[in-house]
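Notes follow once the structure below has been shown.
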Amino acid sequence: MKRIPPDDIDMLQHKVLSFYREHGRVYPWRKTTDRYAVMVSEIMLQQTQADRVVGKYLAWMERYPDPASLAASSLKEVLCLWSGLGYNARGERLQRAADIILRDFDGQVPGDPELLMTLPGIGPYTSRSIPVFADNMDIAAVDTNIRRILIVELGLDESTGPKQLMDVARAVLPAGRSREWHNALMDYGALVLTARRTGIRPVTRQSRFEGSRRWYRSRILRDLLEHDGGMTTEEISARYADCPYDLDGLLDELEKDRLIEQEALPDDGGVMVRVRA
DNA sequence: CTCCCGTCTT
DNA sequence: AAGACGGGAG
């Protein structure tokens with residue numbers, strides 16, 4: 001791995017932490033050390049601008065203050081509260097995670113990244129960011145912001161892989177200040193070294209939304225959330241006659257994502273589609 | 001148009 | 001390794 005000169009580390013730490021003291025953003029999830037609350041915020045923040053999460057997060061924590069209340073809820077209500085955040089499967093996975101936490105972890109969100117990784121919706125980044133922000137654990141978590149900062153400030157190649165980035169991130173982490181450091185990096189990346197300003201492209205990108213598959217998916221799901229009894233595939237087909245994609249295949253995908261269920265009606269009455277019970 | 005405190009599936 | 005996945009702000 002590439003060696004980082006100690007002076008460069010000092011410089012970076014000072015620059016980022018100074019900026020944070022001066023211009024750091026204030027968010028509700030930064031005021032708590034409750035692991036469940038941090039988990040909720042981290043899942044919501046995946047691929048989602050922080051400012052757009054605030055209201056949803058507050059409403060969510062009001063309705064689901066702990067894993068037990070979340071696990072006991074209907075999926076429909078979960079998705080209604082999630083609506084507007086995007087990537088609806090995240091909401092379903094979060095509820096499924098709450099279920100597992102209740103069953104296997106005595107209702108307490110685990111603090112070990114290895115255990116967190118086993119929960120649905122929690123991957124390499126989030127499994128580390130939760131202990132970082134909730135427990136101030138001295139480990140590195142690399143998201144798109146932090147990746148960009150390391151590349152720009154330390155002169156790394158843009159093709160640097162996730163493993164090497166982790167090594168570098170660990171090398172520049174100020175011991176004992178993990179939470180502050182990661183918050184500072186987030187803000188420095190979001191407010192100073194933006195993607196636009198640096199020209200560093202994120203690892204993952206997405207295609208145009210309007211008229212896309214996921215655009216129709218989201219509209220269908222929203223319709224189903226409004227129709228308590230569900231809708232038949234007939235009704236859906238009629239409503240989305242303009243959809244260029246195969247609606248049945250689209251519904252199958254929604255079902256695979258555990259968001260909806262399809263039931264064949266008796267006497268060849270078609271297929272009823274509804275939000276999964 | 002790009003991108004956002006990524007994860008899951010194939 | 002590549003593609004799918006929401007929705008809105010900049």
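Just so it is clear, the values below take in all heavy atoms, side chains as well, and ignore hydrogens, waters and symmetry mates. Just so we're on the same page: letters track the sequence lines, and every chain starts at 1.
The CD1 atom of A:Ile260 sits 4.5 Å away from atom CG of A:Leu254, with the distance rounded to the nearest 0.5 Å. Of the inter-residue distances, the one linking A:Ile101 atom CD1 with A:Leu94 atom CG reads 8.0 Å to the nearest 0.5 angstrom.
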Take A:Tyr188 and A:Asn145 through the test side-chain hydrogen bond (donor to acceptor under 3.5 Å, both in side chains) and record every step on the way to the result. CA-CA 8 Å; A:Tyr188 193 67; A:Asn145 280 304; over 6 Å; no
Show the numbers, then the answer: is there a side-chain hydrogen bond (donor to acceptor under 3.5 Å, both in side chains) between A:Thr32 and A:Asp34? CA-CA 6 Å; A:Thr32 179; A:Asp34 175 53; 5.1 Å; no
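Contact annotation: side chain of A:Thr126 to base of B:dG6, donor-acceptor pair absent below 3.5 Å. No hydrogens or angles were tested; on distance alone, nothing pairs the side chain of A:Ser207 with the base of C:dG3 as donor and acceptor under 3.5 Å.
For A:Thr204, there are no side chain to side chain donor-acceptor pair (under 3.5 Å) partners two or more places apart in sequence or in a different chain.
Residues from residues 217-225 of chain A placing a heavy atom under 4.0 Å of any atom in DNA chain C, listed by number, are A:Arg217, A:Ser218, A:Arg222. Contacts between residues 237-255 of chain A and DNA chain B, counted as heavy-atom distances below 4.0 Å, involve no residue at all. Near DNA chain B, meaning a heavy atom under 4.0 Å away, the residues from residues 28-46 of chain A are A:Trp29, A:Arg30, A:Glu42, A:Leu45, A:Gln46. Contacts between residues 109-125 of chain A and DNA chain B, defined by a heavy-atom separation below 4.0 Å, involve A:Leu119, A:Pro120, A:Gly121, A:Ile122, A:Gly123, A:Pro124, A:Tyr125, listed by number.
At the heavy-atom level, A:Thr194 lies nowhere under 4.0 Å from the strands shown. Using a 4.0 Å heavy-atom cutoff across all strands shown, A:Ser129 reaches no nucleic acid atom at all.
For the pairing with A:Ser129, the side chain to side chain donor-acceptor pair (under 3.5 Å) check across A:Gln46, A:Glu42, A:His182 returns one residue only, A:Glu42.
Note on A:Lys256: a side-chain N or O is less than 4.0 Å away from OP1 or OP2 of B:dT10. Between A:Arg147 and B:dG6 there is no side-chain N or O to OP1 or OP2 distance below 4.0 Å. Considering only side-chain N and O atoms, A:Gln47 lies under 4.0 angstrom from the phosphate OP1 or OP2 of B:dG6. In this structure, A:Arg52 does not reach the B:dC4 phosphate: none of its side-chain N or O atoms is under 4.0 Å from OP1 or OP2. At C:dG10, none of the side-chain N or O atoms of A:Arg196 fall inside 4.0 Å of OP1 or OP2 (strictly under the cut-off).
In this structure, the ring of A:Tyr57 has its center less than 6.0 angstrom from the ring center of A:Trp29.
Rounded to an integer number of Å, the gap from A:Lys56 NZ to B:dC5 C1' is 19 Å. In this structure, A:His182 places its NE2 atom 13 Å from P of B:dG6, rounding to the nearest Å. If you measure from atom CG of A:Asp143 to atom P of B:dT7, you get 10 Å, rounded to the nearest angstrom. Taking atom CZ on A:Arg208 and atom P on C:dG7, their separation rounds to 15 Å, with Å as the unit. If you measure from atom CD of A:Glu210 to atom P of C:dG7, you get 12 Å, rounded to the nearest angstrom. Atom C1' of nucleotide C:dC5 and atom CZ of A:Phe209 are separated by 10 Å, given to the nearest angstrom.
Listed by first residue number, the stems of DNA chain C with at least three Watson-Crick or G-U pairs below 3.5 Å are B:1-4 with C:7-10, B:6-10 with C:1-5.
If A:Asp257 and A:Asn145 are placed on DNA chain B by their nearest nucleotide, the residue sitting closer to the 5' end is A:Asn145.
Under the 30°/60° scheme for interplanar angles, the aromatic rings of A:Tyr64 and A:Trp60 are found to stand perpendicular.
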